Amino acid sequence: MIRDLITKSRSYRRFYQDVAIELETLKGLVDLARLSPSAGNLQPLKYILACDPEKSAMIFPHLAWAGYLKDWPGPSEGERPSAYIVILGDREVSRSIDCDHGIAAQSILLGATEMGLGGCMISSIQRQGLQEALDIPSRFEILLVLALGKPRERVAIETVGSTGDIKYWRSSDEVHHVPKRPLDEVIIG
Ligand SMILES: Cc1cc2nc3c(=O)[nH]c(=O)nc-3n(C[C@H](O)[C@H](O)[C@H](O)COP(=O)(O)O)c2cc1C
């Protein structure tokens with residue numbers, strides 16, 4: 001079960017933009033993050049939720065998509081995420097946040113996958129622009145943005161070949177291919 005869920009939970013970057021995600025759904029996903037591990041149990045993460053087109057449109061311009069796909073500028077109108085969760089670090093709770101946000105993000109994406117949704121963690125963010133667009137007080141640091149929606153693309157996991165190239169790529173049939181290193185390469189002892 002967990003293997004199926006993790007295998008299905010890929011990074012999706014194209015969506016059925018007209019399939020809305022309810023605010024309550026986003027709150028349920030953040031609740032999964034809330035229950036996840038936190039260093040020192042400090043729980044420094046805060047969240048901004050966006051599921052209406054106006055707020056989503058304020059977030060989208062500040063994100064960079066799929067750096068290896070040089071000819072693709074990101075999802076076009078109609079295939080953009082229908083919702084976002086912005087993960088913030090509250091500096092008044094902790095000055096430095098190590099990996100809490102990664103764990104929270106994965107909990108959220110696994111929950112989304114279980115619901116038939118999908119998404120992508122985005123760390124290539126024009127942080128200052130997004131901070132201003134959403135009027136986020138300086139006490140909060142933007143750590144990650146999760147783009148969410150009903151996936152509109154196929155993603156295939158493959159094994160890294162003899163060239164060692166780990167770059168994801170898109171084939172002419174629009175399938176997004178993701179090479180993963182083999183198990184015997186990643187276990188070193
Ligand atoms: C911390 C983190 C930051 C990421 N930032 C971006 C990003 O800024 N833009 C993007 O398109 N994908 C981003 N990704 C998605 C990765 O490109 C993706 O996880 C990788 O290609 C493997 O694909 P998979 O998630 O389907 O296994 C990020 C992933 C992680 C874990």
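Counting starts at 1 for both ligands and their atoms, in listed order. Since we're looking at a predicted model, the values are computed, not measured.
- Here's the thing with Trp65: none of its N/O atoms is less than 3.5 angstrom from an N/O atom of ligand 1.
- At the shortest separation from atom 21 (O) of ligand 1 among protein heavy atoms lies Tyr168 CD2, 3.1 Å.
- Checking only distances, Arg10 does come within under 3.5 Å of ligand 1, N or O to N or O.
- Given atom 18 (C) of ligand 1, the protein heavy atom at minimum distance is Ser11 OG, 3.3 Å.
- A side chain to side chain contact (heavy atoms under 4.5 Å, CB included) with His101 holds for exactly one of Leu143, Leu146, Leu88; it is Leu143.
- Taking atom 5 (N) of ligand 1 as the reference point, the nearest protein heavy-atom neighbour is Ser123 N, 3.1 Å.
- Geometric assessment of Arg13 against the ring of Tyr168 yields a positive cation-pi assignment under the 6.0 Å and 45° thresholds.
- Here Val178 has side-chain heavy atoms under 4.0 Å from ligand 1, and that is the only part of it that gets that close.
- Heavy atoms of Gly102 come nearer than 4.0 angstrom to ligand 1 in no pair at all.
- Using a 3.5 Å distance cut-off with no hydrogens or angles, the side chains of Thr163 and Asp165 do not pair a donor with an acceptor.
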Requested in this report: Please lay out, stage by stage, how Arg14 and Glu174 fare under the test salt bridge (Lys or Arg N to Asp or Glu O under 4.0 Å).
Outcome: CA-CA 11 Å; Arg14 290 181 290 178; Glu174 294 294 307; 2.6 Å; yes

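- Taking the ring axis of Phe15 as reference, the NZ or CZ atom of Arg152 does not stay both within 45° of it and closer than 6.0 Å to the ring centre.
- Between Leu144 and ligand 1, no pair of N/O atoms sits closer than 3.5 Å.
- Ligand 1 has at least one atom lying under 4.0 Å from a heavy atom of Lys180.
- If you take CZ on Arg10 and CG on Leu109, they are separated by 10.5 Å, rounding to the nearest 0.5 Å.
- Comparing Ser124, Ala147, Gly118, Ala105 against atom 8 (O) of ligand 1, the shortest heavy-atom distance belongs to Ser124.
- Nearest protein heavy-atom contact of atom 17 (O) of ligand 1 is Arg13 NH2, 2.9 Å.
- Side-chain contact of Glu158 with His177: a donor-acceptor pair under 3.5 Å is present, judged by distance alone.
- Among all protein heavy atoms, the one lying closest to atom 9 (N) of ligand 1 is Ala64 O, 3.0 Å.
- Of the candidates Met121, His176, His101, the one placing a heavy atom closest to atom 30 (C) of ligand 1 is Met121.
- Defined by atom type and a distance below 3.5 Å, a donor-acceptor pair is present between the side-chain atoms of Ser76 and Glu79.
- Salt-bridge check for Lys55 with Asp52: failed, with every basic side-chain N at 4.0 Å or more from each acidic carboxylate O.
- Below 3.5 Å of separation, one finds no N or O of Cys120 facing any N or O of ligand 1.
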